[in-house]
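The structure appears below as structure tokens.
Source: prediction; values computed, not measured. Throughout, protein chains are lettered first and strands after them, A, B, ... in sequence-line order, and every chain is numbered starting at 1.
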Amino acid sequence: MDGIGKFLEMGGYAAYVWPALGLTVLVLAGLLVASVKSVRRREAELARLEAEAGRGDEG
Amino acid sequence: MSARLHALANPARFGRFARRALPWTAWLAALCIGAGLVWGVFIAPPGAPPPEGQGETVRIIYVHVPSAWMSLFVYACVAAASAGALIWRHPLGHIVARAASPVGACFALLTLATGSLWGAKMWGAWWVWDARLTSVLILFFLYLGHIALTHAFDDPARGARAAAILALVGVVNLPIIKFSVDWWNTLHQPASIIRRDGPAIDAQMLAPLFLMIFGFTFYFFTVLLLRARAELAALRTRALKLRMLAA
């Protein structure tokens, strides 16, 4: 346990090292999730419209 | 090369290409970043060697330097795509530029934030108006301006054109960032990886650092492909809506 505690302390710089790593992971993960959501939303909207337009052409 | 790029201009073909490439870039990104973080943060000796007695803060390098490199690389991509759109009227140019620039903005922001955390401890200041820091801040604002311009007009084509011109003008900032540490007397440390007499960083840190750089690059291409697909779908949706309105 002592080893982990010492590791987490980062030689007394924990308040600088961990936020830098955490922020990077957070921002990159957030951007990835937002991009996946936007591609799903937009491709679904396009598919819906294409289906609608297809029906319109037939009728 | 140009013929192949033009083949990708076909939206259906680009969609197929994106779908096939995505799993590869995504897995490579996850693998490289995962391995780089574990190696850099948990295994590599703390700051080997700590050049100026930076101790464990040197671990910030594993996110700071890859972010900084990517913020420049993504800008170069935005500028190249904009040139392709303006000069050769490549249909994917504006789409790629639009898709890439928010990613670049995130990298620039991370560069500034992680650098600030590093500087707070090493220089005793969160921010200084140093040439390197200021030119990266300008890069961040260029990204924001680019994003804002693409959305500034009712006619997306006009917005894309204005944004492309801004992107090309902003290219002058790239060499300024790169050479700011040589041209001006900066607080920021000089280049320590790409140097004439080899890297000034211990090999034990160089390996995980390069893993992180590759990982960030694959991450960029993953998100770029996703966002370009979203942009293409939005474009086709818009065209379809206009056609349905006209019918």
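Taking both residues in full, the closest heavy atoms of A/Val39 and B/Ala230 are given as CG2-N, 3.5 Å, listed atom of the first, atom of the second, then distance.
Against chain A, no residue from residues 207-214 of chain B qualifies, as none has a non-hydrogen atom under 4.5 angstrom away. Among the residues in residues 107-117 of chain B, those with a non-hydrogen atom closer than 4.5 angstrom to a non-hydrogen atom of chain A are B/Phe107, B/Leu110, B/Ala113, B/Thr114, B/Leu117.
Here the side chains of B/Thr237 and A/Arg42 are not in contact, with every heavy-atom distance at 4.5 Å or above. Considering only heavy atoms from C-beta on, B/Val58 stays 4.5 Å or farther from A/Tyr13 through its side chain. Looking at heavy atoms from C-beta onward, B/Met244 lies in side-chain contact with A/Leu49 at the 4.5 angstrom threshold.
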For B/Leu226 and A/Lys37, run side-chain contact (heavy atoms from CB on, under 4.5 Å): C-alpha distance rounded to whole Å, both residues' side-chain angles, the deciding distance at 0.1 Å, then the answer. CA-CA 10 Å; B/Leu226 284 170; A/Lys37 276 188 177 165; over 6 Å; no
Could you walk me through whether B/Lys241 and A/Glu45 pass the salt bridge (Lys or Arg N to Asp or Glu O under 4.0 Å) check? CA-CA 11 Å; B/Lys241 273 187 179 158; A/Glu45 197 194 353; 3.2 Å; yes
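For A/Ala47, no part sits under 4.5 Å from any heavy atom of chain B, backbone or side chain.
No other option in A/Leu28, A/Val25, A/Val27 has as many heavy-atom pairs under 4.5 Å with chain B as A/Leu28. Between chain B and the residues A/Val17, A/Thr24, A/Val36, A/Leu21, the most heavy-atom pairs under 4.5 angstrom are made by A/Thr24.
Counted within 6.0 Å of CH2 on B/Trp24, heavy atoms from surrounding residues, nucleotides or ligands total 12 or fewer; the atom is thus considered open. For B/Trp27, the CH2 atom sits in a loose shell: 12 or fewer heavy atoms of surrounding residues, nucleotides or ligands are nearer than 6.0 Å.
Note on residues 212-230 of chain B: pairs passing side-chain hydrogen bond (donor to acceptor under 3.5 Å, both in side chains), not counting sequence neighbours, are A/Ser35-B/Arg227, A/Glu43-B/Arg229, B/Thr25-B/Thr222.
Note that CD1 of B/Ile60 is 11.0 Å distant from CG of A/Leu23, once rounded to the nearest 0.5 Å.
Listed by chain and residue number, B/Ser180 satisfy the side chain to side chain donor-acceptor pair (under 3.5 Å) test with B/Arg132 (two or more places apart in sequence, or in another chain).
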